[in-house]
*Asks:* 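Mind having a look at this structure? Questions to follow.
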Amino acid sequence: TLKSREVHVGHTVILGWSEKMPVLLQQLQRRFENERRRNHKIVIVSPLDRLEVEQRLQNWSSNVMASKTMNITCFQGDPFETFDLERVNTSYAESVIALAADDDRGIVRIGVAISALALKPQGSVMLEVRDRRTVQVLRALSPSFNGLDVQLRSHQLLASLTLQPLIGECLLSIMAPHEDPMDLFFCEPPANCKALTFGNARELLLQRKLP
């Protein structure tokens with residue numbers, strides 16, 4: 001339980017709890033490995049018991065918990081309360097990430113708590129939303145808030161690619177500047193393409209039977 005102020009600067013604060021936590025930590029681990037970081041401090045604040053959170057993380061991914069690139073600390077606290085955010089020095093974090101639970105009401109409450117801090121966060125603030133209309137609400141609280149729409153196909157794709165590093169590297173290569181640049185667009189597939197495999201869709205594209 002949060003009883004005293006934790007003195008951290010340049011750390012990552014994760015607010016809330018969801019089943020996406022292992023995926024998020026894996027993404028952060030790969031990022032810090034690429035940046036050649038060691039022992040980057042990550043603070044998780046959730047209403048769950050600290051020992052329960054640590055046990056869940058250990059069961060999900062012991063490699064992440066033992067990673068030399070990250071130093072993960074779990075605290076039992078209320079991410080809706082500015083008081084608890086101050087205790088983990090949220091204002092001085094390199095990045096703040098809030099995870100959505102069942103709906104966006106909790107994310108909005110977290111946004112309100114962050115915006116009520118006496119010193120606004122100096123790093124990036126990313127809040128996961130399930131309804132893109134919530135992004136407008138968060139921006140009204142603070143223009144610096146970034147809403148990540150988990151329903152957006154491009155965001156789902158990028159999140160999935162982090163779990164497949166080789167495919168992710170191929171995508172980065174495609175998107176990198178070239179002498180003959182390529183544009184990459186994300187869109188909903190045509191109705192007659194949704195039930196097809198990638199190979200069959202490619203054949204229809206080659207035959208110009210898809211719009």
*Asks:* In Å, rounded to the nearest 0.5 Å, how long is the span from CG of Leu57 to CD1 of Ile72?
*Replies:*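 So the CG of Leu57 and the CD1 of Ile72 are separated by 6.5 Å.
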
*Asks:* For Phe32, check ring pair (Phe, Tyr, Trp, His ring centres under 6.0 Å) against everything at least two apart and list the hits.
*Replies:*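 Ring pair (Phe, Tyr, Trp, His ring centres under 6.0 Å) list for Phe32, sorted by chain: His40.
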
*Asks:* The criterion is side-chain hydrogen bond (donor to acceptor under 3.5 Å, both in side chains); which residues satisfy it with Gln55, sequence neighbours excluded?
*Replies:*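 For Gln55, the residues satisfying side-chain hydrogen bond (donor to acceptor under 3.5 Å, both in side chains) (neighbours in sequence not counted) are Asn59.
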
*Asks:* Between Thr12 and Met70, is any pair of side-chain heavy atoms under 4.5 Å apart?
*Replies:*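 No. Closest side-chain heavy atoms not under 4.5 Å.
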
*Asks:* Which residues satisfy the side-chain hydrogen bond (donor to acceptor under 3.5 Å, both in side chains) test with Glu81, sequence neighbours excluded?
*Replies:*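 For Glu81 there are no side-chain hydrogen bond (donor to acceptor under 3.5 Å, both in side chains) partners, ignoring immediate neighbours.
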
*Asks:* Would you mind reporting whether Leu85 and Val96 have side-chain heavy atoms less than 4.5 Å apart?
*Replies:*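 When only atoms from C-beta onward are counted, Leu85 and Val96 do not touch, as no gap falls below 4.5 Å.
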
*Asks:* Please round to the nearest 0.5 Å and tell me the distance separating atom CZ of Arg38 and atom CD of Glu33.
*Replies:*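 Interatomic distance, Arg38 CZ to Glu33 CD, rounded to 0.5 Å: 10.5 Å.
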
*Asks:* Evaluate side-chain contact (heavy atoms from CB on, under 4.5 Å) for Leu141 paired with Ile114, printing each intermediate quantity in order.
*Replies:* CA-CA 9 Å; Leu141 291 172; Ile114 295 174; over 6 Å; no

*Asks:* In this structure, would Leu51 and Ile44 fall into the same cluster of hydrophobic residues linked by side-chain contacts under 4.5 Å?
*Replies:*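 No, no single cluster joins them.
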
*Asks:* Among all residues two or more places apart in sequence or in another chain, which pass the salt bridge (Lys or Arg N to Asp or Glu O under 4.0 Å) test with Glu54?
*Replies:*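 Applying salt bridge (Lys or Arg N to Asp or Glu O under 4.0 Å) to Glu54 gives Arg50.
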
*Asks:* Could you check whether any side-chain heavy atom of Asn34 comes within less than 4.5 Å of a side-chain heavy atom of Gln29, counting everything from C-beta outward?
*Replies:*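 Asn34 does not reach Gln29 side chain to side chain.
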
*Asks:* Hey, could you give me the CZ/CG distance between Arg37 and Asn71, rounded to the nearest 0.5 Å?
*Replies:*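 Taking CZ in Arg37 and CG in Asn71, the distance rounds to 13.5 Å.
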
*Asks:* Between Gly106 and Phe80, which heavy-atom pair has the shortest distance, and what is it?
*Replies:*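 Taking Gly106 first and Phe80 second, the nearest heavy atoms are O-CE2, 3.3 Å.
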
*Asks:* Using 0.5 Å steps for rounding, measure from the CG atom of Asp49 to the CZ atom of Arg56.
*Replies:*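 It comes to 10.0 Å.
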
*Asks:* Would you say the side chain of Thr73 lies within less than 4.5 Å of the side chain of Lys41, judging by non-hydrogen atoms?
*Replies:*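 Yes, at least one pair of side-chain atoms sits under 4.5 Å.
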
*Asks:* How about Asp84 and Phe75: do any of their side-chain heavy atoms sit closer than 4.5 Å?
*Replies:*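 A side-chain contact under 4.5 Å is absent here.
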
*Asks:* Just distance, no hydrogens or angles: give the donor-acceptor pairs under 3.5 Å from side chains in residues 120-127, sequence neighbours left out.
*Replies:*
unit_1: Lys120; atom_1: NZ; unit_2: Ser115; atom_2: O; d: 2.1
unit_1: Lys120; atom_1: NZ; unit_2: Leu117; atom_2: O; d: 3.0

*Asks:* Looking at CE of Met21 and CG of Leu99, how far apart are the two atoms once the value is rounded to the nearest 0.5 Å?
*Replies:*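 Separation between the atoms: 5.0 Å.
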
*Asks:* Roughly how far, to the nearest 0.5 Å, is CZ of Arg36 from OG1 of Thr69?
*Replies:*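 So the OG1 of Thr69 and the CZ of Arg36 are separated by 12.5 Å.
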
*Asks:* Apply salt bridge (Lys or Arg N to Asp or Glu O under 4.0 Å) to Arg109 and list each qualifying residue two or more places apart in sequence or on a separate chain.
*Replies:*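 Arg109 satisfies salt bridge (Lys or Arg N to Asp or Glu O under 4.0 Å) with no residue once adjacent residues are dropped.
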
